[in-house]
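Following: one structure in structure tokens, then a few remarks.
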Amino acid sequence: MSEILLVLLAGVAAGALNAVGGGGTFVALPALVAAGLSPVTANASSTVALVPGTVASAWVYRRDLTPVGDTSTRSLTAVSVIGGLLGAGLLLVLPAVSFDAALPWLLAFATVVLAFGRRVSRAVSDARGHAVGMSPRAVLLGQLLLAVYGGYFGGAVGIMMLAVWSIGLGLDTSVGNPMRVAQIAAIYLSATGLFLFASDALSAPLLLTTMLVGAVAGGVAGAHVARRLPAWLLRSVILATAVTMTVLYFLRG
């Protein structure tokens, strides 16, 4: 019973984190491993379990979606779906050891960019005499790489998305947060489609269902809270999440 409670609480926390600032995988994955699943199975199961909560958050945010630069939302979403599917395929055929070792450094980079990206963007814009702006092709290429990573592991992929959009387009993190949630939903949905057919993510249905229920509750609640937070406070929450996750991943490594 204690394992079920742990997984339920982890689901609520993961759903809320994904809605507010990202990082739900960091909570969900260790909880499933602690409940007895292997790391690869736990990774696939956490993705499947977090899908409904992420979709629920995206639904709450549906009226707040803002395009990422000049890139169409439809193209961005299509790339996220393709990348998520590719990343899920890599998880099933490749070892995760080397990528897991690189993850803390990726998180550290994303955190630094989130903390100073807007200042750097403004400084570069002032130096060049015009605004910094990634082309739609560059945005889509970056999104493809992030989506592959999201389907493969997923930890902090939303934080990395906001980091890229911040430094490349000067997009405010609070403005980009609804689109981040929508793109994570697209990545998770495509990865889940493969995991359900080609992995043993359904080997522990009670744990999976428990986390799923918790993630839906946390995702809806987190999205409603995030929509009411002032922009500066939301940026602070996202940055605090990024810093905490980076430190914890380095300690784990």
Side-chain angles (χ1 to χ4, degrees), residues 7 10-32 37 39-62 65 68 73-74 76-92 96 99 103 143-162 164 176-202 207-220 222-223 226 241 245:
V7 170
V12 173
L17 276 176
N18 278 344
V20 174
T25 299
F26 184 77
V27 177
L29 179 60
L32 291 174
L37 300 185
V40 172
T41 300
N43 196 3
S45 297
S46 66
T47 299
V48 174
L50 294 180
V51 164
T54 306
V55 171
S57 298
W59 176 256
V60 174
Y61 280 130
R62 67 191 183 279
L65 295 178
V68 179
T73 300
R74 181 175 297 179
L76 192 70
T77 304
V79 167
S80 294
V81 169
I82 294 171
L85 188 61
L86 291 174
L90 289 176
L91 177 66
L92 298 178
F99 200 83
L103 182 59
Q143 187 66 20
L144 177 63
L145 296 176
L146 289 172
V148 170
Y149 163 73
Y152 181 68
F153 181 74
V157 64
I159 290 174
M160 293 182 186
M161 265 188 228
L162 290 177
V164 170
N177 194 51
M179 183 61 76
R180 173 193 68 82
V181 174
Q183 296 309 310
I184 290 177
I187 293 170
Y188 281 4
L189 278 170
S190 62
T192 292
L194 184 58
F195 289 151
L196 289 177
F197 288 102
S199 76
D200 54 354
L202 300 179
L207 293 177
L208 181 63
T209 303
T210 300
M211 177 162 284
L212 187 153
V213 171
V216 170
V220 172
T241 302
M245 289 176 57

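These numbers come from the heavy atoms of this one structure, side chains and all, not from hydrogens, waters or symmetry mates. Owing to the predicted nature of the structure, the values given are computational and were not obtained by experimental measurement.
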(message) With rounding to the nearest 0.5 angstrom, report the CG to CG distance, L37 to L32.
(response) 5.5 Å
(message) Quick check against the 3.5 Å criterion: does T54 have a side-chain atom that pairs as donor or acceptor with the backbone of A185?
(response) no
(message) Heavy-atom count check: over 12 atoms from other residues, nucleotides or ligands less than 6.0 Å from R62 CZ?
(response) yes
(request) Answer yes or no: is there a side-chain heavy-atom contact under 4.5 Å between S45 and L207? (result) no
(request) Write down the atom of A191, the atom of T47, and the distance for their closest heavy-atom approach. (result) CB-CG2, 4.2 Å
(request) Could you grab the distance from atom CZ of F197 to atom CG of L202, nearest 0.5 Å is fine? (result) 9.5 Å
(request) State the CG-CD1 distance between L86 and I187, to the nearest 0.5 angstrom. (result) 11.5 Å
(request) For the residue pair I184 and M161, establish whether any side-chain heavy-atom pair is separated by less than 4.5 Å. (result) yes
(request) Grab the two heavy atoms, one from A186 and one from T77, that are nearest each other, plus how far apart they are. (result) CB-CG2, 3.9 Å
(message) Quick check: do L76 and M179 have side-chain heavy atoms less than 4.5 Å from each other?
(response) yes
(request) Over all heavy atoms of both residues, which pair between L162 and N177 is shortest? Give the atoms and the distance, please. (result) CD2-N, 4.1 Å
(message) Are the side chains of F195 and L91 in contact, using a 4.5 Å heavy-atom criterion?
(response) yes
(message) Looking at every heavy atom in both A28 and S46, which two are closest together, and how far apart are they?
(response) CB-CB, 3.9 Å
(request) Measure across A31 and V7 and return the closest heavy-atom pair with its distance rounded to 0.1 Å. (result) O-CG2, 4.3 Å
(request) Ignoring hydrogens and angles, tell me if any N or O in the side chain of S57 forms a donor-acceptor pair with the backbone of A223 under 3.5 Å. (result) no
(request) For L29 and N43, work out which heavy atoms get closest and say how close. (result) CD1-N, 3.3 Å
(message) Counting C-beta onward and ignoring hydrogens, is there a side-chain heavy-atom pair between L85 and L194 closer than 4.5 Å?
(response) yes
